[in-house]
Amino acid sequence: MTTRDIYDSGFDEDDGRTIQGTCPDCEGRLRTDSGETACTVCGLVIEDRPFDFEEPSAEISDTLGRNRTGAPLTERRHDRGLSSEIGFGTDAKGNTLSAKKRRQLGRLRREHGRARWGSKAERNLGIGLSEISRMGSALELPKSLQDEACRHFRQAQDADLLTGRSIEAMASASVYAACREDGRIETIEDVAAVARVETVAITNAYNVMNRELGLAVRPRNPAAFVPRLCSELGLELCVERRARALAKRATAEGVGIGCQPVGVAAGCLAIVIEDDGIAVTQSDLAGVAGVSIETIRARRDQLREELDR
DNA sequence: ACGATTATTGCGTTCTT
DNA sequence: AAGAAAACAATAATCGT
């Protein structure tokens, strides 16, 4: 047992969410798992990202069956989407207004803008949520995941976790937490690349959030890394599928516990590549995986040894 | 034979507890 | 501060042309 057993120790096969529909190939059940929708029986990949339940499920059930007008309520707005603006030079019918009227409206607009932020906390919330949206778009995360990040931010603020930390750091941590909880492969570095704060601040905020909020984060699952590695190397789907299967078997049998998940994924891919005599060098693999050649060799040999390959 | 790739091994470094 | 893992560097062994 090592100090890094935290990696990969509790992988659960039924982690993915089962969704409606059946596989066109074999009529098997479909489920979304680590950023893609695939058949549970034959492994056929239907979508490369989870279904986006943006509307109407992202709306808070505010209407209770009543009719409602206006934009849908959403987690991503600090006031859940209830906002109004005061226009500029024209009235409701589009007519130009007099200079006096415009000055009146200007004052009104200014006061209205101030009134929108009822308190400091509400202002922080607004900034945080808009930052989450910005980073979420930059990382091309599904809207449902962005909503989850926003919920985390709200919880963090309610738990008074923001004092002493920057809004941006906590917003970034919320994004990362949502990714981790969904079993995605984004790293803190990935989030930091689109954030306006340093990595250390995000790490700190995330650790606090994880501890205080008790996030449902599982250890990273090597199989989740395989699709990205394969697409970056331009490998065929059948190769990807076999590498994924191998990675799943490895986690199921506890091989590679305590090792970097990417390394395990790369090791699985290395085995498939070698078996097929595919023209991809170890350094190519190491390049896209972001680990050294030695690590890939070590995982590959370990997998061969302990999985009889 | 030659260059490229892979293997092997020792060792300072980095990360986690 | 200690222990494990990953990275690095030097060197040998294969492989393809």
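Labels below follow one simple rule: chain letters A, B, ... track the order of the sequence lines, proteins then strands, and each chain is numbered from 1.
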From [atom1] of [X] over to [atom2] of [N], roughly how many Å is that when rounded to an integer?
| X | N | atom1 | atom2 | answer |
| --- | --- | --- | --- | --- |
| A/Arg299 | B/dA7 | CZ | C1' | 16 Å |
| A/Ile296 | B/dT5 | CD1 | P | 14 Å |
| A/Leu285 | B/dA4 | CG | P | 20 Å |
| A/Ile257 | C/dA5 | CD1 | C1' | 15 Å |
| A/Glu274 | B/dT6 | CD | C1' | 9 Å |
| A/Ile278 | B/dT5 | CD1 | P | 17 Å |
| A/Arg211 | B/dT17 | CZ | P | 13 Å |

Nearest to the side chain of A/Glu294, heavy atoms from C-beta on, is which of C/dA9, B/dT6, C/dA7?
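Comparing C/dA9, B/dT6, C/dA7 against the side chain of A/Glu294, the answer is C/dA9.
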Closest listed nucleotide, where the reference is the side chain of A/Arg297 and the choices are B/dA7, C/dA7, B/dT5
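That would be B/dA7.
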Are any of [X]'s side-chain N or O atoms less than 4.0 Å away from OP1 or OP2 of [N]?
| X | N | answer |
| --- | --- | --- |
| A/Thr295 | C/dA7 | yes |
| A/Arg300 | B/dT6 | no |
| A/Gln282 | B/dA7 | yes |

Just wondering, are more than 12 heavy atoms of other shown residues or ligands nearer than 6.0 Å to CD in A/Glu198?
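Counting other residues, nucleotides and ligands, CD of A/Glu198 stays at 12 neighbours or fewer.
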Under a 3.5 Å cutoff, is there a donor and acceptor pairing between the side chains of A/Arg154 and A/Gln157?
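Side chains of A/Arg154 and A/Gln157: no pair found under 3.5 Å.
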Would A/Ser133 and A/Ser130 count as having a side-chain donor-acceptor pair, cut-off 3.5 Å?
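No, A/Ser130 and A/Ser133 have no side-chain donor paired with an acceptor closer than 3.5 Å.
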Given 3.5 Å as the limit, does a donor-acceptor pair link the side chain of A/Arg218 with the main chain of A/Glu181, or not?
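Not a single qualifying donor-acceptor pair exists.
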